[in-house]
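Every chain is numbered from 1 and lettered A, B, ... according to where its sequence line falls, protein lines coming before strand lines.
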Amino acid sequence: MQHQSTFMPTATVAVDEVGVRERASRFQKRSIKKDSKVLALNTVLSMIDLTTLEGADTVGKVRELCSKARNLHSAAPDLPHVAAVCVYPTLVAEAKRCLEGTKVQVAAVATAFPSGQAPLAAKLADTKAAVADGADEIDMVISRGRFHSGDEAFVFDEIATIKEACGSAHLKVILETGELGSLDRIRRASDLAMRAGGDFIKTSTGKIPSAATLPVTLVMLEAIRDYYYDTGKRIGMKPAGGISTAKLAIQYLIMLRETLGQAWMTPDLFRFGASSLANDVLRQLEKQRSGAYQSFDYFSQA
Amino acid sequence: MAPNTEAPGADQRLSVLKTYKLYVNGAFPRTESGRTDPLLDGDGNAIANVCRGSRKDFREAVAAARKAQTGWAQRSAYNRSQILYRAAEMLEGRRGQFESELQLLGASAADARVEVECSVDRLVYYAGWADKLQQVFGSVNPVASSHFNFSMLEPTGVVAAVCPDQPGLLGLISVVAPAIVCGNTVVALASESSPLSAVTFGEVLHSSDVPAGVVNLLTGRRAELQEHFASHMDVNALVLCDIDPAASKELEILSAENVKRTVLRKSVDWHHYDCESPYWILDTQEVKTTWHPVGT
């Protein structure tokens, strides 16, 4: 294996934790109503990665999810489609088949998701199998253990190697921020992941209680901004886990707009990893349309 | 000038007006709208501030009621009954406070006493039905095929209720008790003119093991809120008391959108024992009939 770690970023900017939390809390105080709200909700929908990542997932469950992706809410046919469905590698082929003829991408979590504790060879095989089955996007997890023991070169090389194995598939690098300890460590991991070739950086697996939060996402967005100023490359962002309400999703969009600008307001550069968010967004859109508060009873489950 | 050695008299003290809050999801929040209405006594003096609840408060209350409904319905009938008896005990123990609140708003001492006593009795009456309704109104039905056919009652779900304006306490209890005793959860809009004892009743529920979200009490203006009570798609039944006939039609049309079970109560003598009836419980129950195949 060729060592690419000579390209590793040397220094990482220190994060002002108090400042980040204060800034993040401001995004929760904007008032987005009426037409702006509808626009925001539609944008959120188009950025959702509909996700099912359970040990108990079956082909049937994935079919349900894909059918939801194809047809979000039959009462409102003009809705945008979601960005992708996100499944385990073994279910990629079925998802691909179900979504034929649509623009919905298929994302697969690979590299011994969610722990990442497997030999590199196994992770590569995992990735290649998913790509061979047709995955358009690969969500990998970094080796947090190695990262914590100071072996950043290993983490860097691993990401670069997986990126090679992805071929034309997009690579999202999951940092699992809840296991990284501090905002400084999150910033460092973000810099590593971008420099090593990740197309997206993603907060969490959704498998531990501490998942995406506004402050964590803000630190990652700022890393993306600095990387853009350095290199001219636009890296995408995917907060995942714990974003289940439309209101919170809109707060993320506000943060995105005010940190990275309009250029990032597209599913090519921003995604939400979520399972229950879509229905809450649909409920809010229906409320805006009909004027009546809505019930989950009238939205298909997947 | 001689120093004033007199202690400050009662007439010199500025009284602290209580702001009566909402009761939502087992807590006592102010309205999210930040609005309050002063409540005046018969002589036009302000005696308290009452939250003017908004449609967003209602939305939160319905979400709380929805969350609590399954767990409440799954409790044993006996347990629900005990919890309602407990609420009646707590109400009995705080009779003095309820009576004085009613008197503040102009009721005579005798009327206030009768209303509070009647309220306790009504709560006890409905508490008793929790573990009796099923055996009285459930049935095993004769059918011509080889099936064991039986009908059981199930709660309708989330009930939204606009309570009568008078009597403030007794009216609220007569609406809420039959709705919750067999497994529904309730969002109730208290009397507009006499809301104090309704809000204090929230404190009674809070201290009597009624789980959070089973009863949610809002105060505010009917004209502002009733339309949302009728149109909310996550409300399964609507109880409307003393609604002006012109508004009633509009509300029933809104309520039909998701086929809410809609109950209208008009010209009720709330003190009369007619208000103690198992049929009031059945108003927010659904009948489920099961056909179970048996050998010939």
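Scanning both residues, Ala292(A) and Ser231(B), for their nearest heavy atoms gives CB-O, 3.4 Å.
The neighbour count for Asp35(A) CG, taken as heavy atoms of other residues, nucleotides or ligands under 6.0 Å away, does not exceed 12. Other residues, nucleotides and ligands contribute more than 12 heavy atoms inside 6.0 Å of the CZ atom of Arg35(B). By the neighbour-count criterion of 12 heavy atoms within 6.0 Å, atom CZ of Arg26(A) is sparsely surrounded, having that number or fewer from other residues, nucleotides or ligands.
Atom OH in Tyr293(A) sits 14.5 Å away from atom CE in Met233(B) (nearest 0.5 Å). Atom CD of Gln294(A) and atom CG of Asn258(B) lie 9.0 Å apart (nearest 0.5 Å).
For the side-chain contact (heavy atoms from CB on, under 4.5 Å) with Ser295(A), the lone residue among Val158(B), Val62(B), Asp234(B) that qualifies is Asp234(B).
Counting heavy-atom pairs closer than 4.5 Å to chain A, the top-ranked of the candidates Arg55(B), Arg66(B), Glu257(B) is Arg55(B).
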